[in-house]
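Below is one structure, written out as structure tokens, with a few remarks after it.
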Amino acid sequence: MADYDPKKIEKKWQLAWHRRQLHRAKDVSRKKKYYCLVEFPYPSGDGLHVGHIRSYTAMDVIARKRRAEGFETLYPIGWDSFGLPTENYAVKTGIHPKIVTRKNTDTFRRQLKSLGFSFDWKREVDTSSPAYYKWTQWIFLQMFKRGLAYKAKMAINWCPSCKIGLANEEVIDGRCERCGGLTEKREKEQWMIAITKYADRLLKDLDSVNYLERIKTQQRNWIGRSDGAEIDFPISEGGEKPNFLLLHGWTGRANKNFLPWLKKKLESEGFAVETPELPNTDKPTEEEQVTYVLKNCTIDANTIIVGHSLGAIVALKVLMRHNKPVRGLVLVAAAMDPDTNKEYKPFHKTFSWDFDFEKIKRLASSRLVISDLLETERIPYLKRMALKLEAPIAQATAKKEHFTAKEEPFLLQKLIPSISVFTTRPDTLFGATYLVLAPEHQIIEKLKRKIKNWPEVLKYIKASKAKKEMERMAEGREKTGVALSGVRAINPATKESITVFIADYVLAGYGTGAIMAVPAHDQRDFEFAKEFKLPIREAIEPLFNADDKGEDAIRKGLPFKERHAAVCIVKHWSEDKYIGLKWKKTDWRGFVVGGIEDGESLEDAGRREIAEETGYKNAKFVKKLGGIIHSQFYHPLKNENRWAKFQGLYFELENGEREEISAEENAIHEVLWLTRDEVEKFLNARDMRHFWQRLLRGDVVYTDKGIVANSGKFTGIPSEKAKLEIVKAVGGVEKVSYKLRDWVFSRQRYWGEPIPIIHCENCGTVAVPLKDLPVKLPDVKNFKPTESGESPLANVSTWINVKCPECGGKAKRETDVMPNWAGSSWYYLRYVDPQNKKKLADRKKLNHWMPVDWYNGGMEHTTLHLLYSRFWHKFLFDIGAVPGSEPYAKRTAHGLILAEGGEKMSKSKGNVVNPDDIIKMYGADTLRVYEMFMGPFDQAISWSSDSIIGARRFIEKVWKLSGKVAKKTPADRELESLVTTAVKKVGDDIEEMKFNTAVSHMMILVNEMDKRESIDVENYKTLLQLVAPFAPHAVEELWRIMKGKKSVHEAKWPRYDPKKVAKIAHRIIIQINGKLRDSIMVEADEAEQAEVVKKALARDTVRQWTEGKEVKRVIYVPKRLLNIVV
RNA sequence: GCCCGGGUGGCGGAACUGGUAUACGCGCAUGACUUAAAAUCAUGUCUCGAAAGAGUUGUGGGUUCGAUUCCCACCCCGGGCACCA
């Protein structure tokens, strides 16, 4: 037989498989489907990376195994071909990106084919081809139509060297992901996509998919859900008072009672109130009323519009038409006929509720309240509106006389100027001793005239804006800020007047851009408070729970016995040493602890305990160590659950004078003198450590949950429980916040999908009609981005100037293009039906193939591509374009391949491994096997050119074994068992992506076979089948030599008989006192313990160790080990 | 700082659910074949020790008959997030 020569066989079989269309996936098949997916490559000029091969081989192994198991398997590939490197190359060379892309794609295709991947090449997709991006644009327009794609002026991350805006996900350590340059913040009009609308579903649905746990965790952290509350802090000093515009509804008692009442109330508080007489109140025509208000009333940024029943509708319309922000909006509904108890018809019939709620929210930025003067459930539209506006509903107090509303503190409170904060710890509200606003907070501008130190404040705001991201980080988070003098707020819980600061440690983009600072229970607030010498007030007493392990774990069902106790830290009279008590009967190591008896002072109790437990007589009390610490645990000696309320006390001994300790005490614990370091190690309970920290550092910020303290009627409640109660008591609202930001979708560049939007002078922003899709990229000569940050497309006047599709008037095309994450957000859907001209994919085919059964890719895409595509898929699901709301049933991740030195491979470092070279030298099969064998698939690993040879030798061994194959061989039960084990292990390992051990099992089998004179045909064939997915070409050649016509890749995956895995005889390890001393062979049928022990004890080696000793205990693990304890 | 991984020979790494630590591969050493080299084959290869034996899975402690594996504390490396209230 000829020597193994991959050059001779690899091309041959690649062509043969292609001709036989072995890897085509049929859309109609009686087999069960299986969809394997890998991340399609960006065809860069560097060619295929060995990292691609790692992932693609892994999935190829799985795809081939699935086919062998009888699945109709789809394993597609395509090109993610829009992107910056190609464009930058075009800028440099003047060659059109289209041409560069084609060239690169050809290289990638040739390289992938040379590796023998079982892709279905008929399904190639290419994101930069108009036939493809037509549908990318289509999806964008669907989002636009549903308000998910919007244009907004906002501070974005700007990379000055790429001249491009970046999404948060693309900024790493304040640097541009692509070029590594520092990014800055820039105000720009940008297309945004409202991924935040899907935040909660993206989070929740993670529970329904099979992703690696670390992928889920990373996505969860990125989405960053926090459950908390919004709480208003009224401005007590300096607040600009709003003026009110009250719009009444129909003639009726409501107008007679409620509005006059409100007017009087507001005026008595010193507010300016305007109440216009609206025309035609009996037969309302909204148009007249809206015009009237706009014409006759003053509306400015300080106006709060209050609309009552019909007036509510008018208020909304006025606001939209006015189109400038107002101070606030209050909608009051009492649209109930007092006689019939039915809703007024005109209210229901005449008005549509189709408002642009997003816009209204923006226009009424600071106060948004909906007040319900009836039971809410009877006015469902009000509830609907509150939901849409995310506005709090004030509950009515009126019942029978529902038009004579009583005083409504909540409503009023919402109208009085205040600062709203977001907090996850409303339970600490009583400890909030100051407020902090982000420097960008809108209210600062409004308070401007009242701020006495405005120049200083302005300087701080400017300085913080000017800071680049990196500088902000480099400062080591030292807290800076400025107090607003002339402005104060009221803590709604304590009613105390507190200072308001601006500081850049508060972020404008998160929550409300303002926080209540609780220095006692938040590290950052603590640091700030120390810096500015602000009061620190404890609102939570620490609670330590003995966890559910250990002998002091709380026993369920037993009640807690509460006890006040003193914890005494006692210092030596001359040395820097402290008393530690070590309990003898249980694993407690702590300080002197003892109960406080009735009528006894804390100090006395401490001194008494010290004397009793240690004998030392002259302890001098120095200080208390903070407040109470709660500790819940089980007391093993007293057999009861304890709830100890510990007080920390610090004593110093004046001398070593000591009395005899009672025998009783002596039996309980041991007294030790410990240095500071020894104390650290000695303590084994969190409560004791906490006191030690208090002694060492003075203040300790306790940020965990505990028992509410110093909080009026809430004192003593567990903090978790107090949260909601306190929120309710101060009229706060429960809120959820996310770290996830909307997706910046504009790129001011050339090589991307044009955003299919037209800007018309009359009609505003208009979608390109679907029939005009795709909006093709025009050919240009100059790809250079402009200094002003406009797209190069802005210069192509023939392309830009168009007629408005709606009015036919003058209009211009949008010149921004989409980011390169757009095309990749849905490509897996196109594989299913790549040629479809009418839809992004045929529904039947989608039903058949979706979801992707197994998707493998890089960890680096977890919060980018993977999250984006899940979002797009959910959107497509919502509009009925795809079945199922999750695209990928299973997601795994491969580790990076690094260069030999452990660095990243890069052209500039010259350490890139070219797969073409490896294939030339060793063959594609060797490269595949090596990459599978090199190390754990999910971990990063360095390339090693020395080790590749091992993979090649393995294939050669398999090759040479074919010379030993014989039809008749002597029975070989051992080999039989080895083959069976290998079938099981290789199969299992592939499923768990433990390819390295799969290969090693095959190597073991090959080595064993190599020892034999001859090998049975069937055993050899089984081996070939196991190797086939890894080294498809070599095995195909061997298989054909053996058998003939059909391909090994059409053969059924070998099965194994579980009984054969069981060995006939076992080596039993004999240990004496846990040390390995001997081993014996035992037949499977004589594995009874007694027999084995007898056999073992008879052995000389064992007798040597057991001689003259008594056998105390024998542990026997069947088929494994025998441990004799003497 | 927080959240994930990880730490085992000269190197990549293996070890099921707590049960022979170092499988498999690379490298290295010795030998065979060869004029020689490569390739191949055979043997050996954690440390100390002549041996019996002892020690060893980042460090220290604990639980256990027995710990790479479980628990506690700490150190180091990689990745993600980073003042997210």
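Sequence lines set the chain letters: A, B, ... in the order given, protein chains first and strands last, and positions in each chain run from 1.
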Whole-Å gap separating P (B:G13) and CD1 (A:I897)
12 Å
Between B:U22 and B:C16, how far is it from one P atom to the other, in whole Å?
13 Å
Look at the side chain of A:F933 and decide which nucleotide, out of B:C41, B:C83, B:C24, has an atom nearest to it.
B:C24
Which nucleotide in B:C83, B:C3, B:C4 has an atom nearest any side-chain atom of A:R214:
B:C4
Can you find a side chain N or O atom of A:N1007 that sits less than 4.0 Å from OP1 or OP2 on B:G25?
yes
All stems that RNA chain B takes part in, i.e. 3 or more consecutive Watson-Crick or G-U pairs with distances under 3.5 Å, are B:1-7 with B:75-81, B:10-12 with B:24-26, B:27-32 with B:40-45, B:46-48 with B:53-55, B:58-62 with B:70-74
A:Q1071 meets the side chain to side chain donor-acceptor pair (under 3.5 Å) criterion, sequence neighbours left out, with none
Scan nucleotides 49-67 of chain B nucleotide by nucleotide, 5' to 3', and note B when protein non-hydrogen atoms come under 4.0 Å of the base, S if they reach only the sugar-phosphate, - if neither.
-----SS---------B--
Give a yes or no answer on whether the side chain of A:Y930 reaches the backbone of A:S944 with a donor-acceptor pair at less than 3.5 Å.
yes
Please determine whether salt bridge (charged side-chain N to carboxylate O under 4.0 Å, His left out) holds for the pair A:K723 and A:E734, giving the CA-CA distance in whole Å, both sets of side-chain angles, and the decisive distance to 0.1 Å.
CA-CA 10 Å; A:K723 280 183 177 177; A:E734 284 181 275; over 6 Å; no
Nearest heavy atoms of A:V727 and A:A229, plus distance in Å
CG2-CB, 3.5 Å
Given A:F528, A:F526, A:Y510, the one that forms ring-ring contact (aromatic ring centres under 6.0 Å, His included) with A:Y505
A:F528
Looking at side-chain heavy atoms only, is the closest gap between A:Y460 and A:T480 below 4.5 Å?
yes
From B:C41, B:A85, B:G80, nucleotide with atom closest to A:Q218 side chain
B:G80
Spacing of the C1' atoms in B:U17 and B:A67 (rounded, Å)
14 Å
Counting the atoms with a prime plus P, OP1 and OP2 as sugar-phosphate, which does A:D525 contact under 4.0 Å by heavy atoms, base, sugar-phosphate, or nothing?
nothing
Between B:A42 and B:C24, how far apart are the two P atoms, rounded to whole Å?
13 Å
If we take the C1' atom in both B:C2 and B:G9, what is their distance in whole Å?
36 Å
Both A:M934 and A:K994 contact RNA chain B. Which one's nearest nucleotide lies toward the 5' end?
A:M934
Mind calculating the distance between NZ (A:K1011) and C1' (B:C24) to the nearest angstrom?
13 Å
In whole angstroms, the gap separating P of B:C16 from NZ of A:K984 amounts to 13 Å
Which value, in whole Å, describes the distance between the C1' atoms of nucleotides B:U8 and B:A15?
10 Å
Quick test of your reading: applying salt bridge (charged side-chain N to carboxylate O under 4.0 Å, His left out), list the pairs with at least one residue in residues 1069-1078 of chain A, sequence neighbours left out, ordered by first then second residue.
A:D1078-A:R1099
Atom pair distance, as rounded to whole Å: CZ in A:F937 and C1' in B:G12:
17 Å
I want to check one thing: is the phosphate of B:A85, taken as OP1 and OP2, less than 4.0 Å away from some side-chain N or O of A:S226?
yes
In whole angstrom, give the distance that lies between atom OH of A:Y211 and atom P of B:G80.
20 Å
Would you measure the distance from the C1' atom in B:C76 across to the matching atom in B:C83 and give it in whole Å?
27 Å
Let me spell it out: for each of A:I941 and A:M1003, pick the nucleotide of RNA chain B with the closest heavy atom. Which residue's pick is nearer the 5' end?
A:I941
Gap in Å between the two C1' atoms, one belonging to B:U57 and one to B:A14, rounded
12 Å
Distance, rounded to the nearest Å, where A:E531 contributes CD and B:C83 contributes P:
18 Å
For RNA chain B, determine which residues of residues 946-956 of chain A have any heavy atom closer than 4.0 angstrom to one of its atoms, and list them numerically.
A:D946, A:S947, A:I949, A:G950, A:R953
Can you check the distance between B:G18 and B:G13, where both ends of the measurement are the P atom (answer in whole Å)?
24 Å
Students often get this wrong, so: under 4.0 angstrom with heavy atoms, is A:R1120 touching a base, only sugar-phosphate, or nothing?
base
Among B:G13, B:A85, B:U20, the nucleotide that comes nearest once only the side chain of A:T423 is considered
B:A85
Interatomic distance, A:R1012 CZ vs B:C41 C1' [rounded to whole Å]:
18 Å
Heavy-atom closest pair (A:I955 atom, A:A1031 atom, distance to 0.1 Å) is CD1-CB, 4.2 Å
Are any of the side-chain nitrogens in A:K479 or A:E531 under 4.0 Å away from the carboxylate oxygens of its partner?
no
Looking for any heavy atom pair under 4.0 Å, which part of the strands does A:I1004 touch: base, sugar-phosphate only, or nothing?
sugar-phosphate
Determine the minimum heavy-atom distance between A:P519 and A:G431, stating which atoms define it.
CD-O, 3.9 Å
Flag the pair A:W943 / A:M934 as yes when at least one side-chain heavy-atom distance between them is below 4.5 Å, and no otherwise.
yes
Among B:G19, B:A73, B:C81, the one nearest any side-chain atom of A:R689 is B:A73
Can you measure A:D989 atom CG to B:A15 atom P for me and round it to whole angstrom units?
8 Å
Which residue pairs pass the salt bridge (charged side-chain N to carboxylate O under 4.0 Å, His left out) test when at least one of the two sits in residues 928-941 of chain A, sequence neighbours left out?
A:D60-A:R928
Which part of the nucleic acid, if any, lies within contact of A:N996, taking any heavy atom under 4.0 Å across all strands shown: a base, the sugar-phosphate backbone alone, or nothing?
sugar-phosphate
Mind telling me whether B:G44 is syn or anti, cutoff 90° either side of 0?
anti
Answer yes when A:E720 and A:K705 have at least one side-chain N-carboxylate O distance shorter than 4.0 Å, and no when they do not.
no
Should the pair A:E527-A:K530 be classified as a salt bridge under the 4.0 Å nitrogen-to-oxygen rule?
no
Taking the side chain of A:L507 as its heavy atoms from C-beta onward, which of B:G80, B:A85, B:C3 lies nearest to it?
B:A85
